[in-house]
Amino acid sequence: MATETRILDQTDENKLPLSEKLTFGFGNLAANLMLTTASSFITYYYTDVVGLSAVIVGNILLWARLFDGASDLAMGAIVDKTRSKHGKARPWILWMAIPYAFAMILLFTSPDFLGSTGKAIYAFVTYVIALAGVYTATMVPYNAMIGTTTSNPVDRGNLSTSRTLAGFVGAMGVTAVVLPVVNFFGGDKQAWTWMAAVFGVISTVLLLILFKNSKERVIESAVAVEKVPLKTNIKALLQNKYWVIMILYMLISFISSGLGGINIFYAQWILGDPAKVAIIGILSFMPIAAGAVFMPFLLSKFSKKTITLIGGIVMMIGLLIIALFPENFSMILVGLVIRGLGIAPGAVAGFAMLGDVADYGEWKTGIRSEGLIFSAGTFAEKVGSGVGGLILGVVLGLGGYVSQGVTQSAEALFAIKAIFAYLPIAFTAICILLILFYDLDKKLPEIAEDLKAKRVNG
């Protein structure tokens with residue numbers, strides 16, 4: 001069986017510049033300008049702006065994102081085989097910066113001359129191009145950079161914190177400004193395209209800054225590395241039980257996040273004011289960003305498993321408040337804040353855990369594939385969001401939701417409440433159960449010493 005010997009250049013790994021830690025988050029800010037806009041508004045755009053049925057939209061999102069999820073694993077393998085003067089993950093940030101803006105525009109266009117079937121096909125194709133293509137080719141390498149920028153666990157935690165903070169600030173900003181920006185451009189279908197163009201240009205600038213101000217320090221020697229076949233890489237991944245746990249954990253987490261597209265429906269039909277979607281969005285994400293600020297301190301005191309479990313319990317408390325008071329706006333806001341504070345630990349620790357999972361994989365199998373391992377994050381993100389979008393569309397369809405309707409039935413209103421207030425409880429419970437099986441933290445010191453010895457002697 002082919003094996004992989006690695007020579008790591010880790011000079012100055014304890015001197016990761018503050019500016020690099022800060023600008024590392026720009027990648028996830030750009031990610032959320034596309035992904036959160038899609039997750040939060042694409043269902044509404046397809047149904048109430050373009051005019052497609054909720055069931056058709058749910059199927060578009062599911063099948064597009066399943067295709068999209070497969071592309072993540074493929075992109076992970078491509079990253080692992082990339083060799084350039086900029087590294088193996090970082091150059092993709094440069095190559096995809098401009099296509100990223102065009103992908104955003106494609107995502108929110110729908111030609112008027114197409115009929116319903118044509119619009120559905122066009123939506124599917126452009127969604128795949130944007131999310132399965134350009135987004136994947138940008139964000140799989142970006143996530144892998146947590147592993148290739150440094151091997152220092154503290155710095156990995158700092159990079160993950162920067163990633164999480166910037167991402168949720170971006171998500172919060174998106175939910176607050178999308179509708180005002182659309183209204184600024186006229187509020188019609190074309191206005192959505194202009195909004196996407198603005199977000200696309202901003203994303204390109206952010207990605208270029210990220211590229212310029214980053215460096216890969218965990219470097220493979222072109223002489224010492226024997227390329228490992230993809231089949232062998234995948235077999236090694238499946239032998240890594242912690243990778244399996246984390247991909248399932250992230251998948252379920254993002255299924256719950258994918259239900260966030262219900263927010264605008266909830267604001268319009270349950271709370272009676274579509275403008276309240278901005279407040280819901282802000283209080284969905286602001287507590288996560290605020291909680292993430294404290295994660296480096298907590299990660300230095302407690303294990304990743306411990307803070308993630310505590311976060312899950314806090315999330316459950318927030319969700320129960322929302323479920324008990326589904327029409328009380330004040331209590332909903334309280335529940336959102338508590339839920340957000342509970343999300344922060346897992347959001348930060350999750351990607352730092354993947355760096356540890358890569359160490360474990362190399363220790364157990366001799367094969368270390370950051371690209372494939374970190375592709376779990378974007379795979380789970382997009383497939384989970386797709387399943388969440390399908391659930392949203394199917395439940396709305398079963399409830400009899402009428403696209404562009406003046407009124408909705410009692411069944412449709414209950415369906416909206418179920419998606420917003422009840423289903424996330426079940427998904428959170430599953431995540432808590434999964435993380436109970438993650439016991440890698442206590443093994444890391446031994447793994448680190450063994451790997452250090454192998455690299456010195458290798």
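This one's a predicted model, so the numbers in the text were calculated from it and none came from an experiment.
Using modelled atom types, one side-chain atom of Thr204 and one backbone atom of Gly200 make a donor-acceptor pair closer than 3.5 Å. Between the side chain of Ser300 and the backbone N or O of Phe297 there is at least one donor-acceptor pair closer than 3.5 Å. With Asp356 contributing its side chain and Leu440 its backbone, the two residues share no donor-acceptor pair below 3.5 Å. Thr148 contributes no side-chain N or O that, together with a main-chain N or O of Glu216, makes up a donor-acceptor pair within less than 3.5 Å. Side-chain atoms of Ser71 come within 3.5 Å of backbone N or O of Ala132 as a donor-acceptor pair. Formation of a donor-acceptor pair under 3.5 Å by the Thr126 side chain with backbone atoms of Leu107 is not found in this model. For Lys304 (side chain) and Leu299 (main-chain N/O), no donor-acceptor pair under 3.5 Å exists by modelled atom type.
In plain terms, the two heavy atoms of Ile93 and Thr138 that are nearest each other are CD1-O, 3.5 Å. Pairing each heavy atom of Gly170 with each of Leu29, the nearest pair is CA-CD1, 3.3 Å. Taking every heavy atom of both residues into account, Ala289 and Val169 meet most closely at CB-CG2, 4.1 Å. Closest non-hydrogen pair, Ile252 versus Cys431, comes out as CG2-SG, 3.6 Å. Across all non-hydrogen atoms, the minimal contact from Ile419 to Pro424 is O-CD, 3.5 Å. The minimum heavy-atom distance linking Thr308 with Gly346 is given by the pair CG2-CA, 4.0 Å.
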Go through it in stages, so that I can follow the logic: the residues are Leu271 and Ile280, the test is side chain to side chain contact (heavy atoms under 4.5 Å, CB included), and I'd like the CA-CA distance, side-chain angles, deciding distance and then a yes or no. CA-CA 11 Å; Leu271 302 177; Ile280 292 173; 3.9 Å; yes
Step by step, would you call Glu20 with Ser214 a side chain to side chain contact (heavy atoms under 4.5 Å, CB included)? CA-CA 6 Å; Glu20 185 173 354; Ser214 60; 4.2 Å; yes
Take Leu159 and Leu16 through the side chain to side chain contact (heavy atoms under 4.5 Å, CB included) test and state the conclusion after the steps. CA-CA 10 Å; Leu159 291 176; Leu16 205 61; 4.0 Å; yes
Side chain to side chain contact (heavy atoms under 4.5 Å, CB included) for Leu33 and Leu206? Distances and angles first, verdict last. CA-CA 11 Å; Leu33 287 174; Leu206 290 169; 4.1 Å; yes
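For the pair Ile391 and Phe427, the minimum side-chain heavy-atom distance is below 4.5 Å. Counting only heavy atoms from C-beta outward, the side chains of Val140 and Ile78 never approach each other to under 4.5 Å. Between Arg339 and Pro287 the shortest side-chain heavy-atom distance does not fall below 4.5 Å. The shortest distance between side-chain heavy atoms of Leu207 and Met96 does not fall below 4.5 Å. Looking at heavy atoms from C-beta onward, Pro345 lies in side-chain contact with Met295 at the 4.5 angstrom threshold. Between Asn28 and Thr164 the shortest side-chain heavy-atom distance does not fall below 4.5 Å. Taking 4.5 Å as the limit, every side-chain heavy atom of Phe102 sits out of range of all side-chain heavy atoms of Leu106. Within the 4.5 Å cutoff, no side-chain heavy atoms of Phe285 are placed close to those of Asn32.
Remark: Phe294 CZ is loosely packed, at most 12 non-hydrogen atoms of other residues, nucleotides or ligands lying under 6.0 Å away. Residue Ile98 qualifies as open at atom CD1: its count of foreign heavy atoms under 6.0 Å is 12 or below. The 12-atom threshold is not exceeded at CZ of Phe437, counting heavy atoms of other residues, nucleotides or ligands nearer than 6.0 Å.
Distance check, rounded to the nearest 0.5 Å: NZ of Lys88 to CG of Asp80 gives 4.5 Å. Ile279 contributes atom CD1, which lies 7.5 Å from atom CG of Asp273 (distance to the nearest 0.5 angstrom). Rounded to the nearest 0.5 angstrom, Ile343 CD1 and Ile338 CD1 are separated by 12.5 Å. Atom CD1 of Ile42 is separated from atom CE of Met34 by 10.5 Å, given to the nearest 0.5 angstrom. Going from atom CG of Asn158 over to atom OG1 of Thr149 covers 12.0 Å, rounded to the nearest 0.5 Å. Summarising the geometry, atom CG belonging to Asp439 is positioned 5.0 Å from atom NZ belonging to Lys241; distances are rounded to the nearest 0.5 Å.
Between Tyr142 and Phe24, the ring centre distance stays below 6.0 Å.
Between the side chains of Tyr242 and Lys364, no donor-acceptor pair is found at a separation under 3.5 Å. Using modelled atom types, one finds no donor on one side chain facing an acceptor on the other under 3.5 Å when comparing Ser40 with Thr175.
Ring geometry for Trp95 against Trp92 counts as perpendicular: the plane angle is over 60°, on a 0 to 90° scale with 30° as the lower cut. Using cut-offs of 30° and 60° on the angle between ring planes, the pair Phe41 and Trp192 is tilted.
Remark: Tyr127 engages Arg65 in a side chain to side chain donor-acceptor pair (under 3.5 Å) (not counting sequence neighbours). Residues that satisfy the side chain to side chain donor-acceptor pair (under 3.5 Å) test with Thr23, not counting sequence neighbours, are Asn213. With sequence neighbours left out, the side chain to side chain donor-acceptor pair (under 3.5 Å) criterion links Lys276 to no other residue.
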